[in-house]
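Just so you know, these numbers use all the heavy atoms, side chains as well, and skip hydrogens, waters and symmetry mates.
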Amino acid sequence: MTQIIPRRALIAALIAGPLAVGTLTGCATQGMTTEDTTALVDSQAAFNTDTPNWETPFWERWINNASAGKAERPDTADGEAPLANIGLVLSPSISDGEALISTLYSDASEQGLRPLPGGLVAETLDSAEPCRQDTAAEACLASLAAYPGVRMLVEISPAQDGNGLSAELHDTSLNAHYRIDRFANSEAGADALMDEINRRVAMAPWSSRVFQGEDGGLYISASRVNGLNQGQRLDVREPGKAVRAPSGQVVAFRPGQSVGRVEIVEFVGDYLAVVKTVSGQTPDDRHWITLPASQ
């Protein structure tokens with residue numbers, strides 16, 4: 001089970017594909033010391049805040065530079081799915097992974113994925129009680145799915161034998177957990193990791209969750225940067241179900257019944273959209289918001 005300590009540095013990048021992967025049946029990362037426990041690296045560029053006094057980790061320096069020149073994703077069209085938000089948590093003991101991180105970040109949008117600033121994920125991991133004890137817990141994953149809309153949480157740490165890296169993948173939509181025992185700390189390793197994550201994300205269609213703000217409005221954690229359009233209509237569905245093989249491995253997905261439709265009425269910054277009900281049921285936190293079936 002992934003034990004979490006108060007985080008100071010989170011890197012939330014988006015990544016996604018084939019590797020030697022095992023389905024987790026219980027706990028996530030094991031055998032990590034306090035020093036190896038997740039470091040959370042906030043993206044200062046994303047929050048437009050001053051550079052902290054402590055030395056900026058290499059992966060954050062790279063991401064800040066890359067973010068500054070990154071173009072906004074165009075509106076979705078012709079059935080193209082919005083970018084899925086993936087949060088990356090990197091062990092502080094990984095000090096030489098610049099090639100890995102730069103590849104994960106720069107190639108993410110080509111895989112249909114969106115890098116999230118670390119502070120967004122860190123805030124939920126620090127404030128949600130279930131996440132303080134176990135990032136693989138269903139309640140923690142539900143919090144991340146609602147805000148900041150994480151589809152796949154990826155925890156990267158050194159491989160147990162010290163040769164390369166390993167990763168734990170936690171799918172917030174399917175409540176499925178996967179382990180990658182070893183991959184290279186290199187650009188090639190990043191490509192292989194992205195291929196595996198992309199394969200896992202593709203097992204269920206893009207979706208978001210609704211939460212009610214203090215103003216009474218309904219929000220989803222996705223925006224124009226993900227590829228959504230103002231005025232776009234989305235389906236409200238009952239929760240989908242994972243189809244599991246006898247081994248427990250997730251092998252397919254069955255979408256829930258459509259029970260309503262909402263419309264995006266405005267965007268709030270780069271991470272939220274306000275929606276209103278236009279037909280059927282008004283969604284609550286158990287419903288999935290998806291593209292219409294025709295798309």
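Heavy-atom contacts from other residues, nucleotides or ligands closer than 6.0 Å to CD of E187 number 12 or fewer. Around CD of E138, the count of heavy atoms belonging to other residues, nucleotides or ligands within 6.0 Å does not exceed 12.
Here the closest non-hydrogen pair linking D181 and A159 is O-CB, 4.0 Å. S208 approaches S221 most closely through the heavy-atom pair OG-N, 3.5 Å. Taking all atoms of both residues into account, the shortest heavy-atom contact from Q212 to G216 is NE2-O, 3.3 Å. Of all non-hydrogen atoms in A184 and L100, the two that sit nearest each other are O-CD1, 4.3 Å. Taking every heavy atom of both residues into account, S207 and R209 meet most closely at OG-NH1, 3.0 Å. Closest approach of V251 to M203, counting heavy atoms only: C-CE, 3.5 Å.
How far CD of E263 is from CD of Q232: 10.0 Å, rounded to the nearest 0.5 Å. Here the CG-OG distance, from N226 to S109, works out to 11.5 Å after rounding to the nearest 0.5 Å. Once rounded to the nearest 0.5 Å, the distance linking CD1 of I156 with OG of S91 reads 10.0 Å. Note that the OH atom of Y219 and the CG atom of L272 stand 7.5 Å from one another [nearest 0.5 Å]. Annotation: the span from R179 atom CZ to H170 atom NE2 amounts to 10.0 Å, rounded to 0.5 Å. Taking CG of L125 as the reference point, atom CG of L144 lies at 5.5 Å (rounded to 0.5 Å).
Each of V154, V201, L153 was checked for a side-chain contact (heavy atoms from CB on, under 4.5 Å) with L169, and the lone residue meeting it is V154. Each of V275, V265, V274, V262 was checked for a side-chain contact (heavy atoms from CB on, under 4.5 Å) with L218, and the lone residue meeting it is V275.
Salt bridge D126/R132: absent, no basic N to carboxylate O contact under 4.0 Å. Using a cut-off of 4.0 Å between Lys/Arg side-chain N and Asp/Glu carboxylate O, R182 and D161 are scored as salt-bridged.
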Evaluate Y178 against R200 for side chain to side chain contact (heavy atoms under 4.5 Å, CB included), listing each step before the verdict.
CA-CA 9 Å; Y178 314 99; R200 298 299 182 181; 3.3 Å; yes
Side chain to side chain contact (heavy atoms under 4.5 Å, CB included) between H287 and D235: does it pass, once the steps are laid out?
CA-CA 10 Å; H287 288 114; D235 275 359; over 6 Å; no
Verdict with supporting geometry, D171 and R151, salt bridge (Lys or Arg N to Asp or Glu O under 4.0 Å)
CA-CA 6 Å; D171 190 331; R151 166 62 195 277; 2.9 Å; yes
Derivation of the side chain to side chain contact (heavy atoms under 4.5 Å, CB included) call for N185 and I94:
CA-CA 9 Å; N185 184 1; I94 302 173; 4.2 Å; yes
Walk me through whether L228 and W206 qualify under side chain to side chain contact (heavy atoms under 4.5 Å, CB included).
CA-CA 12 Å; L228 296 175; W206 177 88; 4.2 Å; yes
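Side-chain contact between L291 and P82 is present, with heavy atoms from C-beta onward closer than 4.5 Å. Counting only heavy atoms from C-beta outward, the side chains of L234 and I220 approach each other to under 4.5 Å. Annotation: side chain of T124 is in contact with side chain of P148 (closest heavy-atom distance under 4.5 Å).
No donor-acceptor pair closer than 3.5 Å links the side chain of S258 to the backbone N or O of R237. Of the possible polar contacts, none joining the Q257 side chain to the E238 backbone as a donor-acceptor pair under 3.5 Å is found. Side chain of R254 to main chain of A242: no donor-acceptor pair is present (N/O by atom type, distance under 3.5 Å, no hydrogens or angles). Counting only distance, with no hydrogens or angles, the side chain of D107 and the backbone of L104 share no donor-acceptor pair below 3.5 Å. Checked by atom type and distance alone, the side chain of T172 pairs as donor or acceptor with a backbone atom of V150 at under 3.5 Å. Under the 3.5 Å distance criterion, the side-chain polar atoms of S223 are matched with a main-chain donor or acceptor of D270. Looking only at distances, a side-chain donor or acceptor of D134 sits under 3.5 Å from a matching main-chain atom of A136.
V250 and V243 fall into different hydrophobic clusters, defined by Ile, Leu, Val, Met, Phe, Trp and Tyr side-chain heavy atoms under 4.5 Å apart, directly or through other members.
Side chain to side chain, T135 and E155 meet the donor-acceptor criterion of an N or O pair below 3.5 Å. Side-chain contact annotation: T277 with T282, donor-acceptor N/O pair under 3.5 Å present.
Classified by interplanar angle (parallel below 30°, tilted 30° to 60°, perpendicular above 60°), the ring pair F211/Y147 is perpendicular.
Separation of the W288 and F253 ring centroids falls under the 6.0 Å cut-off.
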